[in-house]
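Values in this document were obtained by computation on a predicted structure and should not be read as measured data.
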Amino acid sequence: MTHTPADQHSTPTPAELREQMEHTRHELGDTVQALADKTDVKARARQKAGQLKDDAVAKASELKVQATKATSQVQDKLPDSFKEKAAQAAGQARAAALQAGRTWEEKAPAPLQQKRAQSAQLAREHRTLLLTVAAGITVLWLAGRIKKG
């Protein structure tokens with residue numbers, strides 16, 4: 001079978017060949033980088049952990065706002081005598097917690113005390129959220145007791 005000149009492909013020039021090679025080299029580099037990114041488990045885990053942390057912070061903030069609103073709504077509807085009893089109960093709970101903490105510090109082994117110190121630091125960092133949630137739970141618990149009684 002014979003080929004006519006129209007069937008033959010023109011031979012690329014050296015400049016065209018260099019351009020094709022450079023283009024292929026860039027594509028290969030991109031492919032290798034994509035594969036390396038997929039196999040970098042530590043980086044992917046850090047990225048996922050960061051995303052989960054951001055999601056948790058956003059959810060905690062949302063829950064804090066909801067708890068604050070709910071607490072405010074419940075407190076607005078409660079009689080003053082009930083609020084006084086709740087304040088007394090909260091004071092007693094704080095005193096009991098303080099006493100339990102002292103007892104723990106006196107009797108707990110050293111590694112457990114270190115973990116407690118780390119937990120206390122975390123609690124200090126999120127104090128407002130914890131207090132808001134605790135106040136909301138206390139108010140709801142007391143409201144339930146008043147309705148039953």
Side-chain angles (χ1 to χ4, degrees), residues 9 11-149:
H9 296 287
T11 305
T13 65
E16 290 173 335
L17 287 173
R18 278 191 287 278
E19 186 178 321
Q20 287 176 356
M21 285 174 32
E22 189 63 28
H23 178 72
T24 302
R25 188 176 297 129
H26 283 296
E27 285 181 347
L28 182 59
D30 292 345
T31 301
V32 168
Q33 184 61 46
L35 289 172
D37 290 345
K38 285 186 176 185
T39 59
D40 189 355
V41 176
K42 285 184 181 180
R44 290 175 64 194
R46 280 192 297 268
Q47 182 181 17
K48 184 67 174 176
Q51 181 182 9
L52 290 173
K53 178 185 173 192
D54 292 345
D55 292 348
V57 168
K59 187 65 175 176
S61 177
E62 181 182 319
L63 289 174
K64 179 181 173 183
V65 169
Q66 290 176 356
T68 302
K69 285 181 183 178
T71 301
S72 178
Q73 289 173 349
V74 169
Q75 286 178 349
D76 290 345
K77 295 179 182 179
L78 294 176
D80 289 337
S81 62
F82 182 78
K83 291 178 186 178
E84 291 171 9
K85 287 180 183 178
Q88 288 175 347
Q92 291 171 351
R94 276 193 295 276
L98 186 60
Q99 181 58 39
R102 286 189 196 121
T103 303
W104 170 264
E105 288 175 0
E106 293 170 1
K107 296 183 179 184
L112 293 177
Q113 287 179 352
Q114 289 173 348
K115 286 194 180 261
R116 184 192 176 279
Q118 291 170 346
S119 297
Q121 176 64 30
L122 184 63
R124 279 191 295 277
E125 291 173 3
H126 300 288
R127 181 180 300 158
T128 304
L129 175 62
L130 292 172
L131 289 175
T132 302
V133 170
I137 290 170
T138 302
V139 167
L140 292 173
W141 176 74
L142 289 172
R145 288 194 61 186
I146 286 178
K147 285 182 180 180
K148 289 179 183 179

Item checked: Check: T103 side chain, Q99 main-chain N or O, donor-acceptor pair, under 3.5 Å -> yes

Checklist line | Atom pair CG (L35) and CG (D30), whose distance is rounded to the nearest 0.5 Å | finding: 11.0 Å

Margin query: Tell me whether the count of non-hydrogen atoms from other residues, nucleotides or ligands lying under 6.0 Å of CD in E19 goes above 12.
Written below: no

Note to self: To the closest 0.5 Å, what do you measure between CD (Q66) and OG1 (T68)?
What the structure shows: 10.0 Å

Next item on the list: Step by step, work out the side-chain contact (heavy atoms from CB on, under 4.5 Å) result for Q20 and H23.
Entry: CA-CA 5 Å; Q20 287 176 356; H23 178 72; 5.7 Å; no

Checklist line | Exam field: side chain T71 to backbone A67, donor-acceptor pair closer than 3.5 Å | finding: yes

Next item on the list: Report the distance from atom CG of L63 to atom OG1 of T132, rounding to the nearest 0.5 Å.
Entry: 11.5 Å

Note to self: On a heavy-atom basis, which atom in K38 and which in R44 lie closest, and how many Å separate them?
What the structure shows: O-NH1, 2.7 Å

Check: What distance do Q51 atom CD and K48 atom NZ have between them, rounded to the nearest 0.5 Å?
Finding: 4.5 Å

Checklist line | Rounded distance (nearest 0.5 Å) linking atom CG of D40 with atom CD of Q47 | finding: 10.0 Å

